[in-house]
Amino acid sequence: MLRLSSSPLLNKILPQEDAEELYRIYPDLPRSHMSGCPSCGKNNGYGVDGTVTIGGSDFICNCHDQLQRHKHYLNAGIGATYQFITWGDYSGDADAFNAVQSWVSNLDDNVESGKGLYIWGAANGTGKTMLAMLSLKECVVRGYRCYATTFQNMLSSMKSGWKDAVFEKWYKEKVDSAQVLLIDDIGKEIMPGGGFNNDFAQQTFDSILRTRTQQGRPTIFTSNMGIMQLQPYYGRAAVSLLEENVLAVEVRGTDFRPNVSSKPKGRRRIY
Amino acid sequence: MAVALDVETEIAATLTDSDACRVYYREGVSASHFADASMRRMFSFAMEYFTTHGCMELAPTAEVMELECPGYAAMMSDAKGAAPSYLVKRLKNEYVKRQSTDVIKTMLPSMGEDAMSAAIMMREAFSAIVDNCTPSDELMEYGKDMDAYRRKLAALREHGGAPYPFPEMQSHTGGIHEGELAVLVGPSGMGKTLLACKFALEAVRQGHDVFFASLELAIETITNRIEYMVVNEDGLKVPIFEYTSGHRTPEYDLAIQHAQDRIAAMDGRLVVSQPKVEDRTPSALVQACKAHGCDFLIVDQLQFVSKPKRDTLQESYGAALQEFKQQIMSPVDNKRLPMLLLHQMNRGGAKSQREGSGKVGFMTDIAGSAWVEQISDIVWGIGRNDEERNNDIMNLATLKTRNVAPVGWQMHWDANVSYQFDILRDESGSARRLERW
């Protein structure tokens, strides 16, 4: 029986403060691969790699690597939904897929030059966030400091609107230090009920863009709006800056949402 | 039936051996130590020859000795053969007894008339006896006999003391050199003894004779750990956490037996000792190592060494370390002893490791730190935070170095399943260095 392969994350240890924050946010998160695994659930007992069935074939789990991936992805703000999926699970717009893949295949150069992604499409459920998260996972595996968030959360944190001060401090550090930042669903705050405050949102967006451009750090955006559609809300200067620093990818198609995360332990693996 | 050894004849018989002459020279043996006049003459001639014509490298041949001292060969035919260092000790002992008896016999009758003067004279006489038995300090007059100096340096490099268990550690430092005191520190339960077991295993594998003084753990605990390291080194055969928690199958037992046989067949010898409390002084430990003919001493650990009494605990640590250093620097058969001494890091050190401010703690977190820093040649620290422990990672770094640049690595440290310990290397084989600690 083959064993699941190891990733570079196996021996890349999270900083202690990040690990402690994760254990605080996710109390059930296993500390050690000896006692817990997100993929096999230690179905062969304590200290022994379990068995997972993927695509009808049995594999020996690589609990240590699977748990390390799980922690690193959580630390990057990538939830379990996107951890158990891979590029092969995407069955949406092929052109968009190929465009994102081309960005990923030149990842190191793109990170070096601060070139990000702007994945957009008017329809919901076409796999925009999925493509963005898969791209971010590649960044995590390559060892870049990454973080995924929503623009609404960023606005909230800047208003100090959260009651959890510890998390808020940690969150700000994650956003500020991210080499690759994913801002999901930009433009949603403009929609009715999104709590849009034009001046504050505009300043925040402009500030983030400018800071990251100056730092030469790429940002991955997803949105239901095209870049030019943001101009009335965020201003011409910001939109121009955004255009210069991202590869815009339009995702066409109809609603599709993969639901692989609902597979039980023993029948899934983290990619 | 044991036959009494004639020390002087035995020494005379070794005078054609350059290594033996070197020992006599370094140990400060002189002709005056001999009671027998003919032996005294032979010794004088041989040492004169060794230090002049022989350039400290060549002893006189048997033919030369026979020519200079007719009857030498016949006289030496009764020699039984013994180690020069042992003979030196015996010779000096005989000399001290003989001289001291003479002093007492001569001076005692005059005690009644002027006791004070007699006592002073006795003191001076005894002092002279002691001085006459103290090895002369080594001397190197730079520029004089540079060939001999270079040969000495080459020999030191060749001997290399004891090896470190990991290639990166070895190549960075050149090993624990002869007479060098390496100290390994870490908080309680961190894995100092485990790492010391790894030191012992790799040294034995490379043909060294290791004396492992375990002052805390039972002998079997040490040997078992070494067996666990060996049993899984070619792939997992016995999951150690299962084995140690009582799950002992016949296959596991057989694999362990094979590991035991492999260790026994290694080139070097492993001598594990748990000395009695009265034999735990630094001198006694070093002497025990020398007596067993071992060339690498590991002492686990300083806390349990019987330390000389001083005003403060710190000073006691200092005195113990000085005694260790003096003892290992004193050569036996021209070789000084390399030593690894384990030492505890305090709770402050454990805290700084947990919190990440110091990956392996700091020198100030060690009991008697000033003395450790001053007397040791290199101090290695091990430590890790909780997340590193969860992921079988250990940090290993120098806390003090004398002759090499500071260095640190991350180690793979699996004390649960495979019992394998090694420096972490990436796919290209490069060791993972610590950037700061």
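Reminder, nothing fancy here: chain letters follow the sequence lines and each chain counts from 1. None of these values were measured; they are calculated from a predicted model.
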A.B. asks: Just to verify, which of F97(A), Y271(A), Y82(A) counts as forming a ring-ring contact (aromatic ring centres under 6.0 Å, His included) with Y90(A)?
C.D. replies: F97(A)

A.B. asks: Side chain, backbone, both or neither: which part of E242(B) has an atom under 4.5 Å from a heavy atom of chain A?
C.D. replies: side chain

A.B. asks: Find out whether M363(B) and V185(B) are in side-chain contact, i.e. whether some heavy atom of one side chain is under 4.5 Å from a heavy atom of the other.
C.D. replies: no

A.B. asks: Is there a side-chain contact between L340(B) and F296(B) (heavy atoms, below 4.5 Å)?
C.D. replies: yes

A.B. asks: What residues of residues 99-116 of chain A sit under 4.5 Å from chain B when only non-hydrogen atoms are counted?
C.D. replies: none

A.B. asks: So, do W380(B) and F199(B) have ring centers that fall under 6.0 Å from each other?
C.D. replies: no

A.B. asks: Please name all residues satisfying salt bridge (Lys or Arg N to Asp or Glu O under 4.0 Å) with D18(A), sequence neighbours left out, ordered by chain then number.
C.D. replies: K174(A)

A.B. asks: Is the distance between the ring centroids of Y147(A) and Y171(A) under 6.0 Å?
C.D. replies: yes

A.B. asks: Do any of residues 53-77 of chain A come closer than 4.5 Å to chain B, heavy atom to heavy atom, and if so which ones, in number order?
C.D. replies: H64(A), Q68(A), K71(A)

A.B. asks: Considering only heavy atoms, which portion of Y46(A) lies under 4.5 Å from any heavy atom of chain B: side chain, backbone, both, or neither?
C.D. replies: both

A.B. asks: Just do the side chain to side chain contact (heavy atoms under 4.5 Å, CB included) check on L424(B) and I393(B) with the steps written out, would you?
C.D. replies: CA-CA 9 Å; L424(B) 260 183; I393(B) 297 284; 3.4 Å; yes

A.B. asks: Given side chain to side chain contact (heavy atoms under 4.5 Å, CB included), test D184(A) with F151(A) step by step and report yes or no.
C.D. replies: CA-CA 7 Å; D184(A) 194 26; F151(A) 192 55; over 6 Å; no

A.B. asks: Is there any residue in residues 27-43 of chain A with a non-hydrogen atom under 4.5 Å from a non-hydrogen atom of chain B, and which ones are they?
C.D. replies: R31(A), S32(A), H33(A), M34(A)

A.B. asks: With a 4.5 angstrom heavy-atom cut-off, which part of R432(B) approaches chain A: side chain, backbone, both or neither?
C.D. replies: side chain

A.B. asks: Looking at F84(A), is R269(A) sitting on its ring face, NZ or CZ under 6.0 Å from the six-membered ring centre and within 45 degrees of the normal?
C.D. replies: no

A.B. asks: Which pair of non-hydrogen atoms, one from T223(B) and one from V272(B), has the smallest distance, and what is that distance?
C.D. replies: CG2-CG2, 4.0 Å

A.B. asks: Looking at Q170(B) and P163(B), what are the two nearest heavy atoms and their distance?
C.D. replies: OE1-CA, 3.3 Å

A.B. asks: Any heavy-atom pair between the side chains of V230(B) and Y419(B) that's under 4.5 Å?
C.D. replies: no

A.B. asks: Please find the pair of heavy atoms, one from I423(B) and one from A431(B), that lie closest to each other, and give the distance.
C.D. replies: CG2-CB, 3.7 Å

A.B. asks: Check the pair T244(B) / Y228(B) against side-chain hydrogen bond (donor to acceptor under 3.5 Å, both in side chains), numbers first and verdict last.
C.D. replies: CA-CA 10 Å; T244(B) 53; Y228(B) 298 159; over 6 Å; no

